[in-house]
> 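The structure follows.
All of these numbers come straight from a predicted model, not from anything done at the bench. Computed over heavy atoms, backbone and side chain alike; hydrogens, waters and symmetry mates excluded.
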Amino acid sequence: MDIVFLGTGTGIPSVHRGSPSLLVQHNRTSILVDSGPGALRQLAGAGLSFDRLDCLLYTHLHPDHTLDLVSYLFAACNKKAFTRSSPVRIVGPEGFLEFYQHLRRAFGRFVEPPEEIVTVAESLLKNRELDLPDLGISTFPTPHTPESRGYLFRSNPGLSLAVTGDTGY
């Protein structure tokens, strides 16, 4: 399992640290956790195209964790640039579907890629788990906002990673 810190900063802009975003790669699976402003540019700088992501996960809905979602959705609407053959999953905590509907009302068709290539969901699945090839993901609550979620990644042979986003003790 490889981890690339694309941004470790806060909501206060800094020339030295990007906004929160983390790339998790395992075998051929690539997952972006949070996408603060500039995350997609940092992703490109790390050598990975936005259309190679298999999943985008959001820990909570603060702007410093979500603003590049608009850029991602806008780019995914470009059929020449977004060449995926399998759908990408975009998943967030409770309230994420309503958040996405607000983005759609604000930006319309510019953030509405075809449903067969981008799926948007809330909280993963009913059992709070998501299975990707060779990688299981479950969620857990974190003390930041009422909807804040952390993600636990599990792979074979027994590697695990917990990502919390913002949190208290």
> Whether the side chain of D64 engages the backbone of G36 through a donor-acceptor N/O pair (distance < 3.5 Å, no angle test) should be reported.
no

> Say whether, by atom type as modelled, one donor and one acceptor occur between the side chain of D2 and the main chain of V24 under 3.5 angstrom.
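Such a contact is absent between D2 side chain and V24 backbone.
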
> Mind checking what makes salt bridge (Lys or Arg N to Asp or Glu O under 4.0 Å) contact with D54, not counting sequence neighbours?
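Residues passing salt bridge (Lys or Arg N to Asp or Glu O under 4.0 Å) with D54: R84.
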
> Please enumerate all residues that pass ring pair (Phe, Tyr, Trp, His ring centres under 6.0 Å) together with Y100, with sequence neighbours excluded.
none

> Given S138 and R154, is the side chain to side chain donor-acceptor pair (under 3.5 Å) satisfied, shown in steps?
CA-CA 8 Å; S138 58; R154 296 171 322 283; 3.3 Å; yes

> Looking at T145 and S148, would you say the former's side chain and the latter's main chain have a donor-acceptor pair under 3.5 Å?
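Checking the backbone N and O of S148 against the side chain of T145, a donor-acceptor pair under 3.5 Å is found.
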
> Please enumerate all residues that pass ring pair (Phe, Tyr, Trp, His ring centres under 6.0 Å) together with Y58, with sequence neighbours excluded.
F96

> Look only at the side chain of E122 and the backbone of L97, and say whether a donor-acceptor pair between them is shorter than 3.5 Å.
yes

> Taking the side chain from N27 and the backbone from T29, do they hold a donor-acceptor pair closer than 3.5 Å?
no

> Among residues at least two apart in sequence or on other chains, which ones pass salt bridge (Lys or Arg N to Asp or Glu O under 4.0 Å) with R52?
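With neighbours one apart ignored, the set is empty.
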
> My understanding is that only residues two or more places apart in sequence, or in another chain, count here; which of them pass ring pair (Phe, Tyr, Trp, His ring centres under 6.0 Å) with H144?
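If we apply the ring pair (Phe, Tyr, Trp, His ring centres under 6.0 Å) test to H144, skipping adjacent residues, the hits are H60, H62.
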
> Would you find a donor on one side and an acceptor on the other, under 3.5 Å apart, between the side chain of D68 and the backbone of P37?
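Checked: no pair found.
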
> For I90, which of L53, L69, L57 qualifies under side chain to side chain contact (heavy atoms under 4.5 Å, CB included)?
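Single side chain to side chain contact (heavy atoms under 4.5 Å, CB included) partner of I90 among L53, L69, L57: L69.
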
> Could you check whether R17 and T8, counting side-chain N and O atoms only, form a donor-acceptor pair closer than 3.5 Å?
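T8 vs R17: donor-acceptor pair found between side chains.
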
> Taking side-chain hydrogen bond (donor to acceptor under 3.5 Å, both in side chains) as the test, write out the residues that go with S21, two or more places apart.
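S21 satisfies side-chain hydrogen bond (donor to acceptor under 3.5 Å, both in side chains) with no other residue.
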
